[in-house]
2 protein chains.
Amino acid sequence: MSDTAAEGPLPSAGGHRGETPTLKTIARMTGLAVATVSRALADAPDLRADTKALVRKVADELGYVPNRAGLRLRTGRTQVIALAMSPEHDMMNNTARLISSLAGTLRETPYHLNVSYFFPGEDLLKPIRHIVETGLADAVIFNQTLPDDPRVAWLMERRFPFATHGRTRWADRHAWADFDNLAFGAIAVRRLARAGRRRIAVIAPPLDQNYAQDIVAGATLAAAEAGVEVRILPQLTSDAASAVVQERMAQVLPEGVDGVICASTNSAMATVAALESLGLRLGREIDLVAKEAIPFLSLFRREIIAIREDVGRAGAVLARAAMRAIREPGAPPLQDLETPQDDDQ
Amino acid sequence: MSDTAAEGPLPSAGGHRGETPTLKTIARMTGLAVATVSRALADAPDLRADTKALVRKVADELGYVPNRAGLRLRTGRTQVIALAMSPEHDMMNNTARLISSLAGTLRETPYHLNVSYFFPGEDLLKPIRHIVETGLADAVIFNQTLPDDPRVAWLMERRFPFATHGRTRWADRHAWADFDNLAFGAIAVRRLARAGRRRIAVIAPPLDQNYAQDIVAGATLAAAEAGVEVRILPQLTSDAASAVVQERMAQVLPEGVDGVICASTNSAMATVAALESLGLRLGREIDLVAKEAIPFLSLFRREIIAIREDVGRAGAVLARAAMRAIREPGAPPLQDLETPQDDDQ
DNA sequence: CTCGTTTCCTATAACGATTTAGGAGTAGAA
DNA sequence: TTCTACTCCTAAATCGTTATAGGAAACGAG
């Protein structure tokens, strides 16, 4: 009775006035049964309109919010969307942007955002399987898709709602948001060609990644058209230390490389460091095109040709795509391709 | 019966073999009552040791994991730790690092990480209050503390578990992880003084932030000792556009400023851009000390004097601090101060 | 043999929600 | 009047868990 206790169910405690309202509270206040209240809020067709109106009014006044545990226990729906990210690659800003726009989009919905990470070297499927099998979320979002992504295959087979940041070879059949890396690769090459560069090196992310393949494909195509040469330098680890980049660049420079394409702020910075310590000047002996999520690189070297990727847009799309996959499993999946503009000026 | 249905409770469905095991499953298999199984797993003192061993064995074999909804409904514990972040300031890398180390630390525990954001201009208390009042989490973690932080006061009064990234004036009474910005300010000034700089400008974050005040205090103290001068340039918005910084710098340079201190990668980059467009060279006419979470700045301008802050460490501490606040409300709060080293070489 | 004690387990009731089956009224038809 | 049909609501069961109160069996003491 005093303030010692605190055993048993804590959350609503019920009894004292002013506690968190539940269906039971509304039932008491309206004189209806709990079941009726529940059905009224669900807008059941066999209730009188004025009954439903009354219930809704009281619910609003009390600020009733359905208890998540009760709902989840009964229906199996968690109202959670899980984000399973890799901490690798471009920790810089993409990650934070993506998370914040996901959270921002979900904020006026009943969904919560749960963040977990899968770690390098670990089975890609493991965290996803865990989420699905223990019913931890209603949908999953993940990034760093592979062309033949096992997660996508597994989730499609099970018809579990999901959305990916990046496409796969089943892109027509699932929800995704992606940046048009093919276009990026092509634009990058064309910009360099227009600047008079003829031998272009692409510092590519690991080539098993879908987007890396797109960049390479786009660059290769455009190079053929523009009549310039392209060399692919796959980036073995994702942490592109500048020493590694420097070594690679030292190898290819004697071959006459005069343009470089980078896929991220990170690798662009490492590359600039490498180039400068090899005595090259941007805009003079060599040019650099890079993709970045935050207008950053041009702050540093205004000579860098930067192409923007709006990760915030991807986050907003992914959040809506996940909700749609949950609520309308049959509907065509939401998809969004962000295409960069070749707005040379 | 066929695959049409899917009404009613989804998660365990129970019936077909191989479904998610619950206490009931274990009870059936051992011939014990559900309550006994529950108590056995909780290691109740009035059960025979071999009974408990049996239950645990069967539970392990089945891979039993307590159902979160059931647990939450009954006990009120959510097994969720909520992170309420500001998307402002140093979106760069701090945020992503913090989230990933929180998630990484929580990963082998029963706790899940829920991410929500509070937005600029919004009442700081609002999201926190929402989390607490609707029982969305067992603990809250947030950043960007103010010296007199209303969230901290509110949570302490209610004895709700929390941990902060950054201290407050009640720092001795709650859990926190922080970087020693006082030491950073002092070290920064000493490094500049040792380099022969006499008039130092501090590009400070908004001065209502606790850490901004610490940096200023540390710089001021050390300046007095070293016999150099310090000027504070408070950064009005957090997005320190380089144009703004440039304007400020243009004002103070004629006064003989020859050293600059920046609190983040962001502002350091803006500052460098500003300085260079004003015709100054780092390491020549002027020196710059900056704090950063990722070894980044020295990649770009090796002349920048960079001091590292390990946000990953803060994340790990905050996760453990939150769990401790939940599990041992009486125990002294976990606190961690990361002190930068003045390792000039 | 009977009565307390101790040991070890179980039945029941909740937590808050939804779903199913059914029940009390009222109205209309024969 | 009596039966049927419809409208609108409710009782009960259930999801998985834990706390409380109590009960069966075994044992020792008188």
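Since this is a predicted model, take the numbers as computed values, not measurements. In what follows, chains are A, B, ... by sequence order, proteins preceding strands, each numbered from 1.
In this structure, the separation between OG1 on Thr51(A) and CZ on Arg56(A) is 10.5 Å, given to the nearest 0.5 Å. Remark: Trp170(A) CH2 to Leu155(A) CG distance equals 11.0 Å, nearest 0.5 Å. Taking CZ of Arg39(B) as the start and CG of Asp46(B) as the end, the distance is 4.0 Å to the nearest 0.5 Å. How far NE2 of His165(B) is from CG of Leu83(B): 11.0 Å, rounded to the nearest 0.5 Å. Leu136(B) contributes atom CG, which lies 4.0 Å from atom NE2 of His112(A) (distance to the nearest 0.5 angstrom).
Nucleotide dG16(D) holds its C1' atom 7 Å from the OH atom of Tyr64(B), rounded to whole Å. Rounded to an integer number of Å, the gap from Leu73(B) CG to dT18(D) P is 12 Å. Separating the CZ atom of Arg77(A) from the C1' atom of dT19(C) is a distance of 13 Å, rounded to the nearest angstrom. Atom-to-atom, CG of Leu41(A) to P of dT18(C) comes out at 8 Å; the value is rounded to the nearest Å. If you take CZ of Arg68(A) and C1' of dC15(C), they are 17 Å apart, rounded to a whole angstrom. In this entry the distance linking CG of Asn67(B) with P of dT14(D) reads 17 Å, nearest Å. In this entry the distance linking CZ of Arg74(B) with P of dA14(C) reads 10 Å, nearest Å. Computed from coordinates, the Arg28(B) CZ to dG16(D) C1' distance equals 13 Å when rounded to whole Å.
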Could you write out each protein N or O paired with an N or O of nucleotides 7-10 of chain C at a distance under 3.5 Å?
| unit_1 | atom_1 | unit_2 | atom_2 | d |
| --- | --- | --- | --- | --- |
| dC9(C) | OP1 | Thr51(B) | OG1 | 2.5 |
| dC9(C) | OP2 | Arg48(B) | N | 2.9 |
| dC9(C) | OP2 | Thr51(B) | OG1 | 3.3 |
| dC9(C) | N4 | Asp46(B) | OD2 | 3.2 |
| dT10(C) | OP2 | Ala33(B) | N | 3.0 |
| dT10(C) | OP2 | Thr36(B) | OG1 | 2.4 |

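When the side-chain nitrogen and oxygen atoms of Thr75(B) are compared with OP1 and OP2 of dT18(D), none of them lie within a distance under 4.0 Å. For the pair Lys24(A) and dC15(C), the criterion of a side-chain N or O lying under 4.0 Å from OP1 or OP2 is met.
Environment of CE in Met29(A): sparse, with no more than 12 heavy atoms of neighbouring residues, nucleotides or ligands closer than 6.0 Å. Atom CZ of Arg158(B) has more than 12 heavy atoms from other residues, nucleotides or ligands within 6.0 Å.
In this structure the side chain of Thr168(A) never reaches within 4.5 angstrom of the side chain of Trp176(A), judged on heavy atoms. Met85(A) has its side chain out of reach of Pro127(A): every pair of non-hydrogen atoms, C-beta onward, lies at least 4.5 Å apart.
Among the protein residues, Leu23(A) comes within range of the nucleic acid bases, having at least one heavy atom under 4.0 Å from a base atom.
End-to-end axis angle for the helix from dC1(C)-dG30(D) to dA30(C)-dT1(D), using five pairs per end and rounding to 10°, comes out at 80°.
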